[in-house]
Student: 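This is the structure I have questions about; it appears just below.
A quick note: this is a predicted structure, and the numbers were derived from the prediction, not measured.
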Amino acid sequence: MAAVTVVVTVFGVVIAILSFFGYRETLKKATEVAEEKATETAGAAAKAEIERLVSAGEFNDSIELAVDKVVYKGIIPGNPADWDNGPVP
């Protein structure tokens, strides 16, 4: 009877150890999948928001200033970095 108790106890301990490692692997895999899905969702949401802002013309002034700095570099006196956020005179 004592031998059966020892065998059952050892078997129980082995199952507990295996279940612990299985739990850790499951948790690790779940974390990886969650990070991947969060990155995909955040990327899609950011892209949609940027497209909405560009369509609404929110970046027009910044784009115009950047183009003016490139086009008029060397023609207009002064440092392009010193220009204000308005159009080039």
Side-chain angles (χ1 to χ4, degrees):
M1 188 68 125
V4 172
T5 304
V6 171
V7 170
V8 169
T9 303
V10 169
F11 184 67
V13 169
V14 169
I15 289 177
I17 291 171
L18 291 176
S19 67
F20 177 72
F21 287 115
Y23 172 76
R24 283 183 35 191
E25 288 300 315
T26 302
L27 185 63
K28 183 179 174 181
K29 185 66 176 174
T31 303
E32 290 173 2
V33 170
E35 287 176 356
E36 181 181 314
K37 291 298 179 182
T39 302
E40 289 175 9
T41 303
K47 181 179 177 184
E49 181 65 14
I50 290 172
E51 288 175 353
R52 185 190 69 78
L53 290 171
V54 168
S55 295
E58 295 292 328
F59 296 115
N60 288 352
D61 292 338
S62 298
I63 292 170
E64 184 177 326
L65 178 62
V67 169
D68 287 346
K69 285 181 180 181
V70 171
V71 170
Y72 295 112
K73 182 178 181 180
I75 297 174
I76 296 179
N79 183 0
D82 296 333
W83 296 351
D84 64 357
N85 287 333
V88 175

Student: Please name all residues satisfying side chain to side chain contact (heavy atoms under 4.5 Å, CB included) with E32, sequence neighbours left out, ordered by chain then number.
Tutor: K28, K29
Student: Got a donor-acceptor contact below 3.5 angstrom from the S19 side chain to the A16 backbone?
Tutor: yes
Student: Mind checking what makes side chain to side chain contact (heavy atoms under 4.5 Å, CB included) contact with V14, not counting sequence neighbours?
Tutor: V10, L18
Student: Please report the closest heavy-atom contact between I50 and F59, naming both atoms and the distance.
Tutor: O-CE1, 4.4 Å
Student: Mind jotting down which residue pairs meet the salt bridge (Lys or Arg N to Asp or Glu O under 4.0 Å) criterion with at least one end in residues 37-53? Sequence neighbours excluded, please.
Tutor: K37-E40, E49-R52
Student: With rounding to the nearest 0.5 angstrom, report the CG to CG distance, D61 to D68.
Tutor: 10.5 Å
Student: What is the distance from atom CD of E58 to atom CD1 of I63, rounded to the nearest 0.5 Å?
Tutor: 11.0 Å
Student: Which one of V4, T5, V6 satisfies the side-chain contact (heavy atoms from CB on, under 4.5 Å) criterion with V8?
Tutor: V4
